[in-house]
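Worksheet: one structure, shown below.
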Amino acid sequence: MERARPIDRRRMASWIDPFIETLARQGWATTTEAFTPAQIQALYREAQELDRVGAFRPAAIGHGAEQTLRRDIRGDRIYWLDPEHPTPAQEVYWQVVDQLRRRLNETLFLSLHDAEAHLAIYPPGSFYRRHLDQHRGRALRLITLVLYLNPDWRPEDGGQLRIYPDPEAPDEGIDLLPEGGLLVGFRSDTIPHEVLPARRARYSLTGWLRRFDPLALLR
Ligand SMILES: O=C(O)CCC(=O)C(=O)O
Ligand SMILES: [Fe+2]
C-alpha cells in the first residue's frame, strides 16, 4: 500500500499564482481552493462558539479616536483574531495568509509586512454600505481577503459582497455570493465594495495584508 506523504509546507499551493495574476490584472480575484470543507467548517463552528460566549463586539467605522458605531452604515459584529495565540483552525488560516503574503511580495515586488483579521457575523437585516478598506491618512492596508464560512448559502439569503472594480463605470457592481469556502481578494485602496442586507446570519473571516507601520516603532 502506498504511504501518505507528509504535507510539504514549502510547496506552493496551485491556486496561489493564478489568484495573484488575476488580482494584479483586474484588482480582484476569487478561489474556492484555498481551504478544505473541513477547515471551513472548523472556523464556522469556532465563530458560532465564540459568539455563544459573547466574544463578538459591534463593529465600528473609522480608526482610533474617530471610531463610531453607525448601524445605518455597518451592522455586523466582529471578533479580532490574536495571531500570537491561534487555535488549530486559525493556525491553518494564518499559514495560508502568510504564504499568500510572501508570494505577493515575490511576484509583485510588494512589501507586505503583516496581516490582521477578524471574524464577522452579519445578523439578519444587517449590511455594510459602500466603502474602501484603506483608512484615510493611514494607508497600511493594501490587500483585503474575505473568506466565507456559511454552508449552503442561497441567492435568496442575500448578503452578497458587491464590488465596484471599474473606475470608468463606478456604479457597475459585481455580486459575489458569500458561500462557505469562497476566498475573495481585492485591493484595499482602489476597490469600493459593500455587503448587501443578509437574510440569514452571515459568517466570514476578513483579513488585510498591510505594509509596515513606521508608527509601530514609536509605541
Ligand atoms: O464580508 C464581506 O463580504 C466584506 C466585509 C467588509 O467589507 C469589511 O469588513 O470591510
Ligand atoms: Fe470592506
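All ligand and atom numbering here is 1-based and tracks the order in the structure.
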Apply side-chain contact (heavy atoms from CB on, under 4.5 Å) to residues Asp82 and Trp80 and explain how you reach the verdict.
CA-CA 6 Å; Asp82 176 359; Trp80 285 100; over 6 Å; no

May I have the N/O to N/O pairs between ligand 1 and the protein that fall below 3.5 Å, each with atom names and distance to one decimal?
| unit_1 | atom_1 | unit_2 | atom_2 | d |
| --- | --- | --- | --- | --- |
| ligand 1 | 1 (O) | Arg202 | NH1 | 2.9 |
| ligand 1 | 3 (O) | Tyr148 | OH | 2.6 |
| ligand 1 | 3 (O) | Arg202 | NH2 | 2.8 |
| ligand 1 | 7 (O) | His131 | NE2 | 3.1 |
| ligand 1 | 7 (O) | His193 | NE2 | 2.9 |
| ligand 1 | 10 (O) | His131 | NE2 | 3.2 |
| ligand 1 | 10 (O) | Asp133 | OD1 | 3.1 |

Kindly say whether Ala139 contributes a backbone atom to a donor-acceptor pair with the side chain of Asp189 at under 3.5 angstrom?
no

Heavy-atom side-chain proximity of Phe35 to Val92 below 4.5 angstrom
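They are in side-chain contact.
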
So Ile20 and Leu100, do their side chains get closer than 4.5 Å, heavy atoms only?
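They are in side-chain contact.
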
Run the salt-bridge test on Asp51 and Arg77 with the 4.0 Å N-O cut-off and return the result as yes or no.
yes

Got a salt bridge between Glu116 and Arg141, using NZ or NE/NH1/NH2 to carboxylate O under 4.0 Å?
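Arg141 and Glu116: salt-bridged.
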
Does NZ or CZ of Arg130 come closer than 6.0 Å to the centre of the six-membered ring of Tyr164, within 45° of the ring's axis?
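Ring-cation test returns yes.
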
Of all N, O or S atoms in Asp133, identify the one at the shortest distance from the Fe ion (ligand 2).
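Relative to the Fe ion (ligand 2), the closest nitrogen, oxygen or sulfur of Asp133 carries the name OD1.
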
When you draw lines from the Fe ion (ligand 2) to NE2 of His131 and to NE2 of His193, what angle lies between them, to the nearest 10°?
90°

